[in-house]
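For reference, the structure is listed below as structure tokens.
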Amino acid sequence: MGTYYITTPIYYVNGEPHIGHAYTTIAADVAARVKRLSGHDVLFLTGTDEHGINIARVAERHGTSPQAWADRIAEQFRGLWRLLNISNDDFIRTTEPRHRRVVQHIFERLLAQGDIYRGTYEGWYCPSCESYYPENELGSGHTCPIHTGRTLEWTAEDGYLFRLSKYRDWLLQYIETHPTAVAPEGPRSEVLSLLRSGLKDIAVSRATFTWGVPVPSDPKHVVYVWIDALTNYITAAGFLDDPEKFRRYWPADVHLVGKEIVRFHAVIWPIVLHAAGIPVPKQTFAHGWLTFGGQKFSKSLGTVIDPAALSREIAAESGAEVGVAVDALRYFLLREIPFGADGDFSKPALIHRFNADLANDYGNLLNRTLPILERHFQGQIPARGPETGADVALRDAAARAAAALEPAIDRLDFRGALEEIWTVLSAGNKYLDGEAPWRSVADGRVDRAGTVLYNTLEAVRVATVLLSPWLPTATARAWAQLGLESTPASQRLADAVRWGQLPPGRRVRAGQPIFPRIEPTRAPGAAARPKRRGTSDDAGRRATAAAPPPPAGAAEGGTPVGTISIDDFKKVELKVADVLEAKRVAGADKLLELRIRIGSETRSLAAGIAQHYTPESLVGRKIIVVANLEARRVRGVESQGMLLAASHDGRVALLSVDGDVPSGAPVS
Ligand code: ME8
């Protein structure tokens with residue numbers, strides 16, 4: 001078996017990790033785990049991108065040094081990856097000495113051979129992307145193509161440029177003749193058309209700030225943050241430190257990235273490598289965006305979901321352990337949205353998958369089988385008797401899913417792999433219904449009942465191995481309940497999926513259900529939403545998406561509408577929220593822009609209270625908001641909610657709660 005090197009982007013440390021970061025990292029983790037299961041020697045890398053003007057500015061705003069700030073956020077990323085059971089083999093930070101050395105080496109090599117040269121560069125620059133954009137890609141009013149509404153700065157710099165243009169023909173031909181070098185099709189076409197329209201040389205140094213890797217021969221300049229960042233992939237593979245390791249793992253099999261950064265990975269990066277005489281990665285795979293109410297999660301828009309808080313909520317609402325709730329999130333993200341496409345995140349849809357797929361289809365297959373064993377087989381795995389057609393069909397379904405797993409992951413088709421595994425679970429449930437071992441027992445055909453139970457548990461066992469990359473905690477529990485030793489993750493795929501390995505006579509250990517169903521009526525808050533809002537999945541999805549607006553004075557007055565029914569009132573979702581940040585809105589003297597937290601969600605909100613409250617007096621307060629109002633833009637501020645305030649005689653007073661109530665708590 002060969003090696004497999006997979007990477008995630010290294011994430012900027014300009015804010016806390018959110019579910020968008022978790023999405024890519026979970027996907028890479030599942031791929032890494034599948035490849036380990038199939039016997040590959042895997043190197044799975046993630047890390048943090050810590051240099052650049054943006055990070056320096058954020059640190060300054062928080063009154064700390066860029067390094068101290070980066071240390072803090074990098075630790076949050078590491079902590080989240082531990083919680084989410086991410087099995088990365090390395091975690092690279094661009095401020096590490098091992099990395100700085102490689103960046104300087106590459107820069108000086110390209111400079112020495114004339115591919116980096118002195119010159120002047122000017123153009124439209126987006127500081128959030130750390131990138132220049134050509135005029136024809138800008139939105140109206142010179143706005144960023146990625147950060148909607150952000151006006152770009154015309155920037156002119158004297159420094160070092162890299163001869164991207166020189167390698168255009170080579171790269172175009174390379175991508176044309178290597179159909180899987182950039183995937184899926186959308187990003188591949190984007191890269192090809194970019195290349196066909198021509199490449200300009202790019203600025204690769206900055207002299208207006210110092211937070212970066214200094215150019216060794218001219219330390220007034222720091223290396224452009226994207227050249228610095230991309231180089232992480234070879235640093236961690238041992239480029240300078242460990243040539244043997246580097247030969248083993250490089251070129252990388254897959255760089256997994258979000259689609260907004262495909263051009264850096266699929267244009268700049270291969271050209272840097274090729275120019276430096278280093279082989280290029282086998283594939284850059286750009287997945288789609290996770291959206292919330294149709295918008296990309298983003299720090300700048302103020303819509304982020306904290307995966308740790310979300311997992312804890314799911315654990316609390318279901319009674320499952322946090323590891324199992326984490327599994328559900330890992331499963332949901334890769335099952336619900338075809339990898340490559342955009343998809344909306346919604347908690348009701350997650351709860352639906354938890355109940356329908358995990359609790360019912362998977363968990364229940366085990367839970368329906370073990371009690372009969374306890375009652376009629378002394379809690380032991382029965383022996384198998386002769387095989388019938390139904391038995392063979394179940395065995396075949398398991399073999400097909402097992403054979404499909406690795407090829408699906410090689411295409412990064414997580415959803416396809418899961419659908420195959422689900423054919424085994426559906427077949428297992430149907431088999432159990434149809435073969436009804438409880439009837440065989442009643443009819444005195446105990447041997448046949450034993451065979452049916454044996455085969456059902458074999459189907460569960462094989463599915464458990466196949467699911468272990470998505471559900472590391474839950475499958476370890478199921479494995480133990482089957483009375484098996486070690487863990488499913490430590491199996492070798494080819495051996496483990498051979499039918500008939502459950503040892504007859506082995507004691508099973510029926511226990512609590514691994515996935516306790518989330519009952520909408522019992523669950524507080526969001527879990528109850530789909531019920532109140534209609535039963536279809538779609539209704540639930542739309543409803544969560546419906547992110548709310550503001551009150552430029554909306555709290556005041558109002559036209560009497562007569563009485564409303566209690567059901568009308570129940571449509572309004574009132575929640576306690578924490579105010580995280582508050583600031584004035586330029587050009588709107590009544591308006592404040594707030595960042596608030598409602599349970600695990602962070603949102604932005606416009607509030608017409610600037611003449612009554614200073615921004616500083618609001619931070620840290622608990623307020624009451626209408627959480628399910630449609631999102632709206634007010635003077636350029638995205639508002640996803642409305643705060644409540646009382647008004648009288650031109651005075652305004654915010655509603656608050658009397659006592660220590662956590663954010664996200666419902667108000668009724
Ligand atoms: O771009 N949906 O870092 P970053 C899906 N430092 N994926 C998302 C997402 C969303 N809504 N939001 C973020 C950078 N991501 C650079 C990378 S690599 C050499 C340097 C994921 O913190 C996705 O993988 O902005 C995206 O590409 C990445 O986070 C961007 O993270």
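Remember, it's 1-based here, ligands and their atoms both numbered in the order they're listed.
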Check: Among Tyr233, Tyr11, Trp289, Phe292, which residue places a heavy atom closest to atom 18 (S) of ligand 1?
Finding: Tyr233

Note to self: On the six-membered ring of Phe339, is Arg415 placed so that its NZ or CZ lies under 6.0 angstrom from the centre and within 45° of the ring axis?
What the structure shows: no

Note to self: Looking at Arg93 and Asp49, is any side-chain nitrogen of the basic one under 4.0 Å from a carboxylate oxygen of the acidic one?
What the structure shows: no

Next item on the list: Could you tell me if any non-hydrogen atom of Trp269 lies under 4.0 Å from any atom of ligand 1?
Entry: no

Next item on the list: Count the heavy atoms belonging to other residues, nucleotides or ligands that lie under 6.0 Å from NZ of Lys200, then report whether that count exceeds 12.
Entry: no

Next item on the list: Below 4.0 angstrom from a heavy atom of His287, which ligand 1 atoms are there? Numbered from 1 as shown, please.
Entry: 5 (C), 7 (N), 24 (O)

Check: Which ligand 1 atoms, with their elements, are less than 4.0 angstrom from a heavy-atom of Ala229?
Finding: 19 (C)

Item checked: Arg36/Asp89 salt bridge by N-O under 4.0 Å criterion -> yes

Next item on the list: Just do the side chain to side chain donor-acceptor pair (under 3.5 Å) check on Thr46 and Tyr11 with the steps written out, would you?
Entry: CA-CA 8 Å; Thr46 188; Tyr11 305 110; 4.8 Å; no

Notebook entry, point to check: Quick one: does ligand 1 sit under 4.0 Å from the side chain of Leu290, the backbone, both or neither, non-hydrogen atoms only?
Noted result: both

Notebook entry, point to check: Looking only at non-hydrogen atoms, which of Ile261, Ile337, Thr25 approaches atom 1 (O) of ligand 1 most closely?
Noted result: Ile261

Note to self: If you take the nearest heavy atom of each of Pro9, Gly20, Gly15, which one is closest to atom 10 (C) of ligand 1?
What the structure shows: Gly20

Notebook entry, point to check: Which of the atoms of ligand 1 are close to His18, meaning less than 4.0 Å from one of its heavy atoms?
Noted result: 12 (N), 13 (C)

Check: Any non-hydrogen atom of Cys129 lying under 4.0 Å from ligand 1?
Finding: no

Next item on the list: Kindly confirm or rule out an N or O of His265 lying under 3.5 angstrom from an N or O of ligand 1.
Entry: no

Check: Between Tyr23 and ligand 1, which residue portion shows a heavy-atom distance shorter than 4.0 Å: side chain, backbone, both, or neither?
Finding: side chain

Next item on the list: Would you mind telling me if ligand 1 is within reach of the side chain of Phe264, the backbone, both or neither, using heavy atoms under 4.0 Å?
Entry: neither

Check: Hey, is Asp253 close enough to Lys35 for a salt bridge, meaning N to O under 4.0 Å?
Finding: no

Item checked: Side chain, backbone, both or neither: the part of Glu260 lying under 4.0 Å from ligand 1 by heavy atom -> side chain

Next item on the list: Assess whether atom CD of Glu60 is packed by more than 12 heavy atoms of other residues, nucleotides or ligands within 6.0 Å.
Entry: no

Notebook entry, point to check: For Ile10 and ligand 1, does the shortest N/O to N/O distance drop below 3.5 Å?
Noted result: yes

Next item on the list: Before signing off on this row, confirm whether Gly258 and ligand 1 have an N or O atom pair separated by under 3.5 Å.
Entry: yes

Note to self: As an exercise, state the distance from CG of Leu138 to CG of Asn136, rounded to the nearest 0.5 Å.
What the structure shows: 8.0 Å

Check: Taking 4.0 angstrom as the limit, do Arg82 and Glu75 come out as a salt bridge?
Finding: yes

Note to self: Show me which atoms of ligand 1 lie under 4.0 Å from any heavy atom of Gly288.
What the structure shows: 5 (C)

Next item on the list: Taking all non-hydrogen atoms of both residues into account, name the closest pair between Ala275 and Asp115 and its distance.
Entry: CB-OD2, 3.7 Å

Margin query: Give the atom numbers and elements of ligand 1 that come within less than 4.0 Å of a heavy atom of Asp49.
Written below: 6 (N), 16 (C), 20 (C)

Note to self: Using a strict threshold of under 4.0 Å (side-chain N to carboxylate O), is an ion pair present between Arg98 and Asp242?
What the structure shows: no

